[in-house]
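Below is one structure; the comments refer to it alone.
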Number of protein chains: 2
Amino acid sequence: MNVLPPALARLIDSLNRLPGIGRKSATRLALHILRRSPSEARELARDLATLHEQISLCSNCFVFSESDPCGICADRSRDARLICVVEEPADLLAIEKTSSYRGHYHILHGVLSPMDGVGPEEIKIGALLERVRKLEGGEVLIATSSTVPGEATAAYLISRLKRLPVKVTRLACGIPMGMDIKYADELTLARAIEARKETA
Amino acid sequence: MNVLPPALARLIDSLNRLPGIGRKSATRLALHILRRSPSEARELARDLATLHEQISLCSNCFVFSESDPCGICADRSRDARLICVVEEPADLLAIEKTSSYRGHYHILHGVLSPMDGVGPEEIKIGALLERVRKLEGGEVLIATSSTVPGEATAAYLISRLKRLPVKVTRLACGIPMGMDIKYADELTLARAIEARKETA
């Protein structure tokens, strides 16, 4: 079974290490890259090689950025007195896509998970409290996931933030848009009932 | 929505060009690579950059290889008088995994598809006929896919090969191992009935 050329086998191994890419996908991708032009492969190689050199964390909100402060923190048209706390950069991208948020962000780079040895020191909670202390009178919108660790992290953040002079808010929970009520899970439905709103 | 650092956006674009990797997966992969160490990204970059330099096609069977002839063609323990014709390198890998084939291969690098402008000249059929002419008395096992273009290619190959003094065989068709008869599609089941075998 040693029919793969070593250079191809190495690339398959490297691709296989990426999340969600199994051995079969890695092989398919590597063969695809081999079939395409060398210049395409070199372009991807260059993008990968220079990635870490060009990107670091914004020292204010901890998003990946080529500048410090990042574009969002430097944008004077955004509301600096509103901080949205998310678990990771992908969450920020999802929120930005909605075009309905014009405040700043704070990336925790993880969630509290005592079982995995992740306590408040391991994620960017200290830096958040530091930022919020300077805020005085603003708003912190907690947008962690509605998973068990996300909720636990939110609860911890609320306990720490309530001593500070800011408003603390959370994303609304309820029925997702376009969802048929009969397919909603019980927890979501219970939350939606609890949080029901009077019609205008 | 212009919140992605350019270096990250470029990598996402490059990854997005790979087959089966949509915009969301590309973003997830790029963020994962960014979170991991720079050395991992550089390793993947190196594997990509050197891929085409180190690998070319075996001039005999047209498999990707670092040597010419490839390891399989050079392996004297394999039966050179048996040639298995496959559509692409991934098919060869799948057959090698079975450990039940000890002959040589011939990679067509495509299938006949007149609608897409792929005729016999566009894939390695001429080179196959050349090889088979020198074989005299061997066997050509046609292992194209049982798809419409795969079958059409097989039919064309059979028409060309039957004039030459070789035995032409095809992979057996039937019920896949482990499949429940009631879930087999009609065509497969019909083929399996036609090709039924007498028990020993």
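Heavy atoms of B:Leu92 lying under 4.5 Å from chain A belong exclusively to its side chain. At a 4.5 Å heavy-atom cutoff, B:Ser67 makes no contact with chain A through either its backbone or its side chain. For B:Ile72, the part sitting under 4.5 Å from any heavy atom of chain A is the side chain, from C-beta outward, and nothing else. In this structure, no portion of A:Ser25 lies under 4.5 Å from any heavy atom of chain B. When heavy atoms are compared at a cutoff of 4.5 Å, B:Glu88 approaches chain A solely by way of its side chain, counted from C-beta outward. Heavy atoms of B:Gln54 lying under 4.5 Å from chain A belong exclusively to its side chain.
Here the options are B:Thr27, B:Leu29, B:Ile12, the test is side chain to side chain contact (heavy atoms under 4.5 Å, CB included), and the partner is B:Ile21; only B:Leu29 passes.
Between B:Leu4 and B:Ala9, the closest heavy-atom pair is CB-CB, 4.2 Å. Closest non-hydrogen pair, B:Ile95 versus B:Cys84, comes out as CD1-SG, 3.8 Å.
Per-residue counts of heavy-atom pairs under 4.5 Å with chain A were compared for B:Leu34, B:Leu8, B:Leu48; the largest is that of B:Leu34. Counting heavy-atom pairs under 4.5 Å between each of B:Arg35, B:Arg46, B:Glu40, B:His109 and chain A puts B:Arg35 at the top. Taking chain A as the reference chain and counting heavy-atom pairs below 4.5 Å, the highest number among B:Lys24, B:His32, B:Glu53 is found for B:His32. Among B:Ala41, B:Ala90, B:Pro19, the residue making the largest number of heavy-atom pairs under 4.5 Å with chain A is B:Pro19. Of all the listed residues (A:Asp75, A:Leu15, A:Thr50, A:Leu31), the one sharing the greatest number of non-hydrogen pairs under 4.5 Å with chain B is A:Leu31.
For the pair A:Arg17 and B:Glu43, the salt-bridge criterion is met [side-chain N within less than 4.0 Å of a carboxylate O]. Of the charged side-chain nitrogens involved, at least one lies within less than 4.0 Å of a carboxylate oxygen, so that B:Arg133 and B:Glu130 count as a salt-bridged pair. With respect to the salt-bridge test (charged N to carboxylate O, under 4.0 angstrom), the residues A:Arg23 and A:Asp13 qualify.
B:Leu129 and B:Leu57 are assigned to two separate hydrophobic clusters, defined by single-linkage of ILVMFWY side chains at heavy-atom distances under 4.5 Å.
Using a 3.5 Å distance cut-off with no hydrogens or angles, the side chains of B:Ser37 and B:Arg42 do not pair a donor with an acceptor.
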